[in-house]
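Just below is one structure, and these are the notes that go with it.
Residue numbers start from 1 in every chain, and the chains themselves are labelled A, B, ... in the order their sequence lines are given, proteins ahead of strands.
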Amino acid sequence: MGHTLVISEKPAAAERIARALDEGNEPRVMKKGRLTYYECEREGNKLVVVYALGHLFELKQTEKGWTYPRLETEWVPRYEVDKKASDVKPVINLIKKLSREADSFIVATDYDIEGSLIGFLTLKYACNVDPHGAKRMRFSTLTRDDLVRAYEKMLPTLDFPMIESGYVRHQVDWLYGINLTRALTLAIKRASGWFKIVSTGRVQGPTLSFVAEREKEINLFIPTPYWTIDAVGEYNGNDLVFEYHKKRVDRLDEAQQIVNELKGARLNVSAVKATRSTVSPPVPFNLSGLQSEAYRHFGFKPSRTLALAQRLYLDALISYPRTSSQKIPPSIDTQSILEELKSQSQYERLIRVLEEQRRAEPVQGEKTDPAHPAIHPTGKKPERRLTPSERKLYDLIVRRFLAVFGEDSIRESMRVDLAHAGHTFHLRGRRVIKEGWMKLYGKYVRVEEQELPTLREGDVVPIERIEASEKMNQPPPRYNPASLLKQLERENLGTKATRAGIVDSLRSRGYTLSDRFELSTLGYATVETLERHVPQILSPEFTRRLEMDMEAIREGKRDREEVLFEAKRDLLQILDRFKEHEEEIGAELVEGLKRYWKTQEELGPCPKCGEGTLVIVRSPKTGKRFVGCSRYREGGCDLTFPLPQKGRIVPLDKHCEYCGYQMIRVVSGRRTWETCINWANCPGRQEDLKALQKRREKKE
Amino acid sequence: MTEEEARCPICGRICRADAQFCGYHENAREELERGYKEWSAAMPITWNEYLSQLIEAEETGMWIREMIEFIMSTDDL
């Protein structure tokens with residue numbers, strides 16, 4: 001009798017699945033070269049648990065040539081299209097070998113579009129079997145109970161609509177990404193002879209257009225003045241800062257008149273009001289909610305939060321993180337989770353608090369996900385020491401989970417109205433009457449309390465100081481990683497799994513500078529060129545329609561082939577238009593690229609010869625980089641400065657306060673620091689250099 | 001792109017049809033004029049005072065700032 005082959009998505013998941021399914025919880029650990037797989041016994045059946053390494057197969061064009069259009073593709077092992085993916089080959093070979101002796105197959109990958117597609121492609125191309133005969137385990141956590149339940153209540157077939165949707169998403173993303181990137185790159189090659197890959201894609205184009213639109217608003221912003229009336233009174237020896245009833249006065253003469261009328265006035269307390277409001281707990285986390293909150297509290301980029309959450313999931317500490325759901329369904333045994341969390345000393349006290357004030361049902365958000373519940377802890381104790389970042393994220397998830405069971409909090413807002421000759425001022429106070437869920441969410445709640453003195457109607461408070469302060473209205477803020485991700489979600493572009501990567505790609509491909517999403521000169525050139533010649537590439541509507549089509553496939557409302565046909569037809573139209581303007585597009589992009597490289601390399605005028613420009617150059621002999629003068633060859637200016645050899649150098653638009661030389665930012669891994677190019681001799685750096693020397697000596 | 005196409009005197013981009021500047025700086029010029037109406041309604045201010053105050057304000061956008069510098073250097077418009 002053959003065995004049942006269980007296909008999981010990752011090595012850590014395979015181990016957990018094997019441990020859960022083996023009746024003795026001790027599966028046989030099998031080795032094949034560097035690879036591991038597991039053999040389990042369950043109800044007299046032999047289960048062999050193997051893992052994929054994410055996608056084992058990728059799309060590849062069937063026709064040869066690095067050109068466009070290329071519309072026909074086939075699935076091939078990933079190592080054929082990605083030279084770095086050599087580790088995939090032995091995994092495919094092992095699955096092939098083990099599948100020969102298998103008489104049934106179970107897909108136990110993550111239950112989402114990508115996971116389902118990984119299972120399908122592995123069955124079809126590695127196992128060479130008909131995927132229609134395979135069964136599907138569906139789970140949201142990697143805990144033993146959940147996995148055993150998923151095995152016992154296995155779905156009789158794979159989720160084919162989800163697979164179809166994933167299948168077409170890969171094809172459409174490949175078609176648009178490959179063809180448009182080649183179109184841009186080849187346009188540059190034709191115009192300049194350079195081979196510089198300039199990429200775009202189905203979602204990347206619209207994402208870039210959001211950043212460009214915001215940049216335009218900021219660059220065209222004209223601040224307009226307004227005035228606030230700032231008045232301070234005295235009551236029982238305490239200064240009271242009043243708020244004028246008009247938050248802003250739009251004309252200077254009106255503001256001056258108000259000040260003149262109120263100088264030295266005595267304000268009468270005309271009303272004292274207090275209102276109480278209840279504040280419900282926040283809703284359970286979906287992925288974007290978690291990413292947004294983690295950015296706010298810890299400064300984690302969305303991609304980092306996703307990677308950390310994925311690690312916590314593989315450790316069975318939290319549920320599947322790639323979810324849109326803001327709901328904790330009744331099927332989740334929340335009582336057991338709370339009891340298990342209680343055994344973790346840092347949460348014991350909070351669970352006791354919760355036991356005293358727990359609401360019957362957790363608060364639910366509006367968003368749903370057919371595949372997974374909201375992100376929640378499993379209650380399991382970490383089996384290894386978590387990294388500080390993992391610990392922070394885990395704590396946030398646990399506390400949010402506790403908070404959704406907390407009672408409403410009650411806040412009191414107080415307002416005192418003070419009047420004089422038709423003018424009104426307010427004093428505002430805020431306090432929390434009942435903490436409720438805030439106690440559970442703890443440090444992640446920000447409440448500013450403001451106490452008020454006891455004032456009664458008829459009391460008189462004299463104005464001690466009053467003035468009209470000129471203010472300017474503010475430009476819209478630049479996007480940050482979290483707000484750009486939110487924007488993609490609002491516009492229904494990309495998926496919860498891909499958005500974080502798309503946001504990161506704008507930076508890594510040079511379209512934006514730093515995490516503030518300031519458009520680079522390359523970003524400007526790309527947007528301007530595409531807007532002029534092929535605006536569909538930047539259009540959110542265009543790609544949103546494709547997203548809706550793919551969702552319709554998942555719901556079984558549309559046919560994959562039909563959607564793919566339309567996507568190819570639209571792409572061909574874009575590429576035809578591109579070809580017509582290829583020469584102009586190339587010339588414009590080359591101009592943008594030149595400007596971009598210039599800003600990346602130039603550090604301003606040479607302080608020695610006054611004619612050249614300081615540029616970052618690399619020695620042809622040693623390969624080391626340094627700062628030198630552009631007039632070294634023709635003018636003989638030999639001014640040089642050493643540079644750190646590791647990390648990315650970003651010229652800054654400021655000068656050193658000690659020596660006046662240009663400042664640069666060095667980004668090396670996660671470390672970022674700013675220094676001047678004269679750091680070796682800068683008086684402001686001498687203390688740092690001495691400290692560094694001491695540290696080195698100590699080490700030796 | 002043809003040889004005849006005029007270039008923006010501020011940034012070197014191609015000028016908008018029948019315009020002196022590129023799209024960005026043409027928009028900046030229009031915004032400057034619109035903004036002056038708002039500033040004049042808020043306080044008594046001359047065009048030159050308005051430009052000086054804007055260039056001092058840190059909130060002023062980059063293209064607006066570049067347009068002001070251009071106006072001040074050419075004493076044009």
Could you give the distance from [atom1] ([X]) to [atom2] ([Y]), rounded to the nearest 0.5 Å?
{"X": "A/Leu220", "Y": "B/Leu32", "atom1": "CG", "atom2": "CG", "value": "9.5 Å"}
{"X": "A/Glu470", "Y": "B/Met43", "atom1": "CD", "atom2": "CE", "value": "5.0 Å"}
{"X": "A/Ile218", "Y": "B/Trp63", "atom1": "CD1", "atom2": "CH2", "value": "10.0 Å"}
{"X": "A/Arg532", "Y": "B/Ile14", "atom1": "CZ", "atom2": "CD1", "value": "5.0 Å"}
{"X": "B/Glu38", "Y": "A/Asn473", "atom1": "CD", "atom2": "CG", "value": "8.0 Å"}
{"X": "A/Met472", "Y": "B/Glu56", "atom1": "CE", "atom2": "CD", "value": "10.0 Å"}

Is the number of heavy atoms from other residues, nucleotides or ligands under 6.0 Å of A/Lys189 NZ greater than 12?
no
Would one find more than 12 heavy atoms of other residues, nucleotides or ligands at under 6.0 Å from atom NZ of A/Lys471?
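Counting other residues, nucleotides and ligands, NZ of A/Lys471 exceeds 12 neighbours.
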Do you know which of A/Gln474, A/Lys216, A/Glu528, A/Arg251 has the most heavy-atom pairs under 4.5 Å to chain B?
A/Glu528
Going by the salt bridge (Lys or Arg N to Asp or Glu O under 4.0 Å) test, which pairs reach into residues 57-72 of chain B, not counting sequence neighbours?
none
Per-residue contact mode, [X] against chain A (heavy atom under 4.5 angstrom):
{"X": "B/Leu54", "value": "side chain"}
{"X": "B/Tyr36", "value": "neither"}
{"X": "B/Ala41", "value": "backbone"}

So for A/Glu531, is it side chain, backbone, both, or neither that comes closer than 4.5 Å to the heavy atoms of chain B?
neither
Heavy-atom pair with the smallest gap, counting every atom of A/Pro225 and B/Trp39:
CD-CE2, 3.3 Å
